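Dropping the structure in here first, questions after.
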Amino acid sequence: MTRLEAGQRAPGFTLETTKGSLSLADALERSGKGVVVYFYPKASTPGCTKEACDFRDSLEGLAGAGYSVIGVSPDPISALERFAEAQSLVFPLASDPSHGVLEAWGAWGEKKNYGRTVTGVIRSTVVVANDGTVALAQYNVKATGHVARLRKALGID
């Protein structure tokens with residue numbers, strides 16, 4: 001599995017989201033500095049809820065620094081809509097049931113889960129600068145505290 005690295009061009013995508021169809025190009029055009037694309041395994045699970053709520057609670061600071069946020073998972077759009085409503089998530093959650101975007105961004109592959117090797121979503125975050133290049137790529141992140149560490153890496157805190 002190939003992972004993205006800083007300086008590489010981020011693969012483009014267009015996915016159905018809780019806010020309608022969205023392309024990376026459109027999101028970059030509307031952002032001031034870049035787009036935070038984070039990949040998570042499953043909506044409404046404890047770790048994914050914690051991470052999504054951390055992004056929600058940090059959204060004002062991220063937006064103030066010029067960043068927008070997109071969450072991506074293999075969940076169907078109906079599950080994402082329920083998740084967004086239940087957690088008051090105002091940023092788009094994208095559905096990638098075919099794993100095409102997850103694979104292209106290095107967020108799908110083998111991982112350890114409770115000591116077993118499984119294939120699935122690798123919790124990851126990629127920050128894409130307005131020129132379409134990767135500014136920061138983090139893989140195998142922990143849900144708890146991740147957004148605070150990301151904000152620090154971006155120089156927001």
Side-chain angles (χ1 to χ4, degrees), residues 1-13 15 17-19 22 24 27-28 30-75 79-80 83-84 86-96 99 101-157:
M1 170 193 50
T2 303
R3 293 185 172 175
L4 299 179
E5 295 180 12
Q8 286 183 293
R9 179 152 291 294
F13 64 78
L15 291 172
T17 79
T18 52
K19 305 289 185 188
L22 178 67
L24 176 63
L28 287 169
R30 290 193 297 265
S31 73
K33 198 166 187 180
V35 177
V36 176
V37 182
Y38 82 97
F39 300 91
Y40 62 100
K42 187 163 179 59
S44 301
T45 57
C48 295
T49 298
K50 172 69 174 151
E51 185 178 29
C53 290
D54 281 351
F55 272 111
R56 177 200 64 207
D57 296 345
S58 293
L59 201 55
E60 187 176 322
L62 288 165
Y67 296 98
S68 59
V69 175
I70 303 170
V72 180
S73 81
D75 292 309
L80 298 178
F83 183 43
Q87 301 304 326
S88 301
L89 305 176
V90 297
F91 54 88
L93 299 177
S95 175
D96 184 24
H99 315 141
V101 173
L102 288 156
E103 290 175 23
W105 286 60
W108 182 266
E110 285 190 356
K111 63 181 183 173
K112 293 283 186 190
N113 192 17
Y114 299 107
R116 294 182 26 226
T117 301
V118 298
T119 300
V121 177
I122 298 165
R123 191 180 304 276
S124 312
T125 299
V126 179
V127 180
V128 183
N130 270 352
D131 65 0
T133 61
V134 174
L136 178 70
Q138 300 176 329
Y139 293 90
N140 293 309
V141 300
K142 301 289 182 217
T144 301
H146 170 60
V147 177
R149 290 186 297 275
L150 176 65
R151 288 172 57 96
K152 187 174 182 179
L154 294 173
I156 297 170
D157 290 336

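Here the structure is a predicted model, which is why all the values come from computation and not from measurement.
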Measure from the side-chain N and O atoms of Trp105 to the backbone N and O of Arg3, and report whether any donor-acceptor pair falls under 3.5 Å.
-> no

Could you give the distance from CG (Leu102) to CG (Asp96), rounded to the nearest 0.5 Å?
-> 4.5 Å

Working for side chain to side chain contact (heavy atoms under 4.5 Å, CB included), residues Ile156 and Leu62 = CA-CA 7 Å; Ile156 297 170; Leu62 288 165; 3.5 Å; yes

Heavy-atom nearest pair, Pro74 first then Val121, reads CD-CG2, 3.6 Å

Given the options Arg123, Arg56, Arg149, Glu51 meets salt bridge (charged side-chain N to carboxylate O under 4.0 Å, His left out) only with Arg123

Passing option when His99 is tested against Phe39, Phe13, Trp108 for ring-ring contact (aromatic ring centres under 6.0 Å, His included) | Trp108

Which atom pair, heavy atoms only, marks the closest approach of Leu4 to Pro11?
-> CD1-CD, 3.8 Å

If you round to the nearest 0.5 Å, how far is CG of Asp75 from SG of Cys48?
-> 8.0 Å

Between Thr49 (side chain) and Gly47 (backbone), is there a donor-acceptor pair under 3.5 Å?
-> no

Taking all non-hydrogen atoms of both residues, which atom of Leu24 and which atom of Gly12 are closest, and how far apart?
-> CD2-CA, 4.4 Å

Take Ile122 and Glu110, measure what side chain to side chain contact (heavy atoms under 4.5 Å, CB included) needs, and give me the verdict at the end.
-> CA-CA 8 Å; Ile122 298 165; Glu110 285 190 356; over 6 Å; no

Could you go step by step and tell me if Val69 and Val35 meet the side chain to side chain contact (heavy atoms under 4.5 Å, CB included) rule?
-> CA-CA 6 Å; Val69 175; Val35 177; over 6 Å; no

Which residues pass the side chain to side chain donor-acceptor pair (under 3.5 Å) test with Thr18, sequence neighbours left out?
-> none

Asp54 side chain to His146 backbone, donor-acceptor under 3.5 Å | no

Starting at OG1 of Thr133, measure out to CD of Glu5 and round the result to the nearest 0.5 Å.
-> 13.0 Å

Mind checking whether Val128 and Leu28 have side chains closer than 4.5 Å, heavy atoms only?
-> yes

Here the gap from Phe91 atom CZ to Ser68 atom OG, rounded to the nearest 0.5 Å, amounts to 11.0 Å

Parallel under 30°, tilted from 30 to 60°, perpendicular over 60°: which one fits the rings of Phe55 and Tyr38?
-> parallel

Shortest non-hydrogen contact between Arg151 and Gly61, atoms and distance | NH1-CA, 3.6 Å

Just by distance, do the side chain of Lys111 and the backbone of Gly120 share a donor-acceptor pair under 3.5 Å?
-> no

Between Leu93 and Thr17, is a side chain to side chain contact (heavy atoms under 4.5 Å, CB included) present by the stated rule, with each step listed?
-> CA-CA 5 Å; Leu93 299 177; Thr17 79; 5.9 Å; no

Side chain to side chain, Ser73 and Leu80, heavy atoms closer than 4.5 Å | yes

So do Val127 and Val134 actually touch side chain to side chain, heavy atoms under 4.5 Å?
-> no

So, Tyr40 side chain and Ala143 main chain: donor-acceptor pair closer than 3.5 Å or not?
-> no

Taking atom NZ of Lys42 as the centre, report whether more than 12 heavy atoms of other residues, nucleotides or ligands fall under 6.0 Å from it.
-> no

Please name all residues satisfying side chain to side chain donor-acceptor pair (under 3.5 Å) with Lys112, sequence neighbours left out, ordered by chain then number.
-> Thr117

Going from CG on Leu154 to OG1 on Thr125, what distance comes out if it is rounded to the nearest 0.5 angstrom?
-> 10.0 Å

Does a side-chain heavy-atom distance below 4.5 Å link Ser124 with Asn140?
-> no

Minimum heavy-atom distance between Ala65 and Lys33, given as atom pair plus value | O-CD, 3.5 Å

Using the salt bridge (Lys or Arg N to Asp or Glu O under 4.0 Å) rule, collect all pairs that involve residues 126-144, keeping only residues at least two apart or in two chains.
-> none

Can you name the closest pair of heavy atoms from Ile70 and Ala27 and give their distance?
-> CD1-CB, 3.8 Å

How far does CG of Leu136 sit from CD of Gln138, to the nearest 0.5 angstrom?
-> 4.5 Å

